[in-house]
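Read the numbers this way: they start at 1 and go in the same order the structure lists the ligands and their atoms.
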Amino acid sequence: KNDTAPTTSLSQDKLLGGLLSAAFEESSCQSRYKSSLYRKQSPFAVSPYLVQKLRKYEAYHRKCGPGTKRYRKAIEQLKVGRNVDDAECKYVVWFPCNGLGNRMLTIASTFLYALLSDRVLLMQVAPEQEGLFCEPFPGSSWVLPGDFPHDNPQNLHIGAPESYANMLKNNVIRNDDPGSVPASSLPPYVYLHVEQFRLKLSDNVFCDEDQLMLGKFNWMILKSDSYFAPALFLTPMYEKELAKMFPQKEAVFHHLGRYLFHPTNRVWGIIRRYYEAYLARVDEKIGFQIRIFREKPIKFENMYDQLMRCVREQQLLPELSTAEPANTTADAGKVKAVLIASLYSGYYEKIRGMYYESPTKTGEIVAVYQPSHEEEQQYTSNEHNQKALAEIYLLSYCDKIAMSAWSTFGYVAYSFAGVKPWILLRPDWDKERSEVACVRSTSVEPCLHSPPILGCRAKKEVDVAAVKPYVRRCEDVGFGLKLF
Ligand code: GDP
């Protein structure tokens with residue numbers, strides 16, 4: 001039983017086996033050391049090597065981050081258009097794209113990339129994202145300062161001349177002999193466009209020769225809409241290091257996400273109040289996340305029916321009875337809480353009504369909750385994002401999760417939880433309903449919807465799921481890839 005989180009001093013438990021640094025003031029960001037106490041213990045151990053790597057990164061970020069002499073120097077070089085040889089500090093600047101779930105997945109991927117390529121991660125924080133997350137690196141900041149010169153997101157697109165792929169195409173740079181190219185002969189920054197394009201990750205950069213070339217740029221600007229961490233595992237030169245960092249490949253986002261993302265005290269207040277009010281004292285918590293996408297609308301009745309089929313088939317909730325059960329079962333009186341995350345209130349109304357009107361066969365009590373129903377997705381509202389973040393966290397405290405296919409919002413929640421979800425499959429393009437209601441995910445990793453074309457310079461298609469033992473196709477996205 002998951003009771004209210006106790007307040008103790010910083011134990012190994014609170015530091016998640018060394019994943020978190022102990023160097024923070026607790027009160028400045030209460031969720032950092034408290035949030036995981038609302039969950040069962042993680043089934044995935046953190047490798048000592050990853051812990052070491054994170055502490056080293058933190059020192060590097062403190063040395064080169066905003067406000068330091070080295071940072072000012074690097075910005076000066078960028079402004080005058082110079083890419084110096086042997087730079088002491090290199091940077092990757094993340095720009096936002098899409099909704100919160102997508103952003104969390106790409107921030108984590110970019111951070112992993114920063115760890116592998118020795119760069120300092122900085123983040124362009126748009127107004128809608130302000131005040132959501134605490135600083136993850138002690139004694140420094142990951143927020144991109146306002147004096148950054150190339151901060152117009154309009155310029156970051158597939159056709160941008162500063163993009164790596166376009167520099168290659170236009171012969172501004174070459175990648176056939178990266179070893180012979182002096183850094184100082186290169187432009188002052190490179191843009192890496194890691195977005196999906198025709199179901200593939202555009203700009204085929206997950207190859208050694210490209211990575212060696214990219215490593216010569218002191219400044220990299222990166223924009224992505226995809227969880228590209230699995231693509232890093234497919235880059236030969238990073239394979240060894242990644243194996244040491246993540247002996248269990250299934251836990252990449254699980255660890256990095258719990259290291260990086262900590263809701264600020266304001267958002268934590270929403271989460272904590274809700275948790276204490278409705279979830280802290282129940283016997284089991286079951287999360288349903290229902291997401292309807294514009295490109296594949298599903299009628300309410302069909303989605304509801306599919307959810308109920310999944311619930312029945314997987315026995316996620318007790319069955320209804322026409323009369324109060326005569327014999328009391330061992331489970332009688334236990335409380336199951338259903339937490340619903342959805343932009344709409346219909347699913348909640350119907351499920352709650354069902355358990356309000358009828359008893360269950362086992363005598364269990366089913367309590368149904370939904371924190372908000374915002375109706376519309378709002379990319380640019382800060383308040384809306386606070387609620388979205390709170391709900392991702394609340395979902396991640398559930399013991400079982402059923403979620404909509406394709407949703408990065410759901411991916412983040414189950415991955416934090418370390419729980420393999422049931423995925424409510426999307427109907428085929430020409431169908432209104434899915435034959436199969438839901439399937440169990442084989443992994444707690446998020447899915448990369450659009451894998452890169454591998455084969456690198458040979459430019460031939462390779463079925464990576466067939467050649468790499470640690471990736472497979474996603475249950476919900478047939479051409480997607482996920483680590484397991
Ligand atoms: P995805 O589109 O499902 O992959 O997830 P994203 O998080 O990237 O984008 C969806 C956005 O819609 C979220 O960030 C929220 O702003 C909003 N949204 C979708 N579902 C919910 C929900 O259940 N609760 C809340 N509060 N917001 C949601």
Side-chain angles (χ1 to χ4, degrees), residues 94-110 125-133 195-196 223-228 253 257 261 263 266-267 270-271 273-275 286-298 300 303-304 307 338-349 351 368-398 401-416 421 423-426 441 445-450 474-477 480 482:
W94 173 93
F95 272 78
C97 181
N98 291 354
L100 192 59
N102 274 281
R103 292 184 191 194
M104 293 170 84
L105 294 182
T106 61
I107 291 168
S109 303
T110 308
V125 178
E128 71 273 13
Q129 206 180 303
E130 262 168 34
L132 289 187
F133 299 111
E195 291 188 17
Q196 49 181 310
K223 195 165 86 146
S224 177
D225 60 357
S226 304
Y227 178 61
F228 64 89
F253 188 81
F261 302 113
R266 190 165 39 149
V267 182
I270 303 176
I271 300 171
R273 284 191 299 276
Y274 200 89
Y275 185 86
I286 298 150
F288 293 157
Q289 184 242 353
I290 306 294
R291 176 95 170 99
I292 305 294
F293 290 93
R294 203 173 297 161
E295 69 269 19
K296 179 67 189 167
I298 302 173
F300 174 80
M303 192 65 242
Y304 179 76
L307 175 62
V338 176
L339 179 79
I340 298 180
S342 168
L343 290 171
Y344 325 103
S345 56
Y347 306 96
Y348 160 79
E349 297 289 352
I351 299 172
V368 186
Y369 303 112
Q370 180 170 352
S372 78
H373 48 94
E374 296 279 277
E375 313 302 333
E376 296 270 341
Q377 179 176 345
Q378 299 161 37
Y379 278 126
T380 52
S381 156
N382 188 278
E383 244 192 311
H384 173 82
N385 273 302
Q386 290 183 36
K387 288 187 203 159
L389 182 59
E391 283 163 47
I392 289 179
Y393 269 77
L394 289 167
L395 264 183
S396 82
Y397 299 144
C398 290
I401 297 171
M403 61 160 286
S404 291
W406 286 79
S407 176
T408 59
F409 186 103
Y411 292 167
V412 172
Y414 74 67
S415 206
F416 275 166
I423 303 179
L424 300 156
L425 296 183
R426 187 183 265 193
S441 170
E445 263 289 284
C447 173
L448 163 58
H449 290 168
S450 316
C474 309
E475 291 80 5
D476 53 343
V477 182
K482 78 183 184 195

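Heavy atoms of N98 found under 4.0 angstrom from ligand 1: none, in either backbone or side chain. Residue-level proximity to ligand 1 for S342 is carried by the backbone, the only part with a heavy atom below 4.0 angstrom. Within the 4.0 Å heavy-atom criterion, neither part of A390 lies near ligand 1.
When each atom of ligand 1 is checked for a heavy atom of S372 under 4.0 Å away, the hits are 26 (N). Per-residue contacts place A341 under 4.0 angstrom from the following atoms of ligand 1 (heavy atoms of the residue considered): 23 (O).
Of the protein's non-hydrogen atoms, the one nearest atom 13 (C) of ligand 1 is F409 CD1, 3.9 Å. Looking only at heavy atoms of the protein, atom 14 (O) of ligand 1 is closest to L100 N, 3.1 Å. For atom 16 (O) of ligand 1, the closest non-hydrogen atom of the protein is H384 NE2, 2.7 Å. Taking atom 7 (O) of ligand 1 as the reference point, the nearest protein heavy-atom neighbour is G101 N, 2.7 Å. Ranking the protein heavy atoms by distance from atom 28 (C) of ligand 1 puts L343 CD2, 3.4 Å first. For atom 2 (O) of ligand 1, the nearest non-hydrogen atom of the protein is R291 NH2, 2.8 Å. The nearest protein atom to atom 12 (O) of ligand 1, hydrogens excluded, is given as Q377 CG, 3.2 Å; this is a heavy-atom distance. Annotation: atom 8 (O) of ligand 1 to nearest protein heavy atom, N102 ND2, 2.7 Å.
Looking at F293 next to ligand 1, no N or O pair under 3.5 Å apart turns up. Not a single N or O atom of Q289, backbone or side chain, sits closer than 3.5 Å to an N or O atom of ligand 1. Looking at Q378 next to ligand 1, no N or O pair under 3.5 Å apart turns up. At least one N/O-N/O distance between T408 and ligand 1 falls below 3.5 Å.
A centroid separation of less than 6.0 Å is found between the aromatic rings of Y275 and Y397.
Comparing E391, E128, R103, H373 against atom 22 (C) of ligand 1, the shortest heavy-atom distance belongs to E391.
Classification of the Y411-Y414 ring pair by plane angle, with boundaries at 30° and 60°, yields perpendicular. Aromatic ring pairs are classed by plane angle as parallel below 30°, tilted from 30° to 60° and perpendicular above 60°; the pair F261 and F133 is tilted.
Minimum interatomic distance between R291 and L343 (heavy atoms only, all atoms of both residues): NH1-CD1, 3.9 Å. Of all heavy-atom pairs spanning R426 and A405, the tightest one is N-CB, 3.8 Å. Closest non-hydrogen pair, K482 versus S441, comes out as NZ-OG, 2.9 Å.
Of the candidates W406, F293, F228, Y227, W406 is the only one forming a ring pair (Phe, Tyr, Trp, His ring centres under 6.0 Å) with H449.
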- [ ] For the pair Y393 and V267, evaluate side-chain contact (heavy atoms from CB on, under 4.5 Å) and give the outcome as yes or no after the intermediate values.
- [x] CA-CA 10 Å; Y393 269 77; V267 182; over 6 Å; no
- [ ] Could you walk me through whether F253 and F416 pass ring pair (Phe, Tyr, Trp, His ring centres under 6.0 Å), step by step?
- [x] CA-CA 8 Å; F253 188 81; F416 275 166; 5.7 Å; yes
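For I270, the side chain to side chain contact (heavy atoms under 4.5 Å, CB included) partners two or more places apart in sequence, or in a different chain, are R273, Q386, A390.
Heavy atoms of other residues, nucleotides or ligands lying less than 6.0 angstrom from CD of E295 number more than 12.
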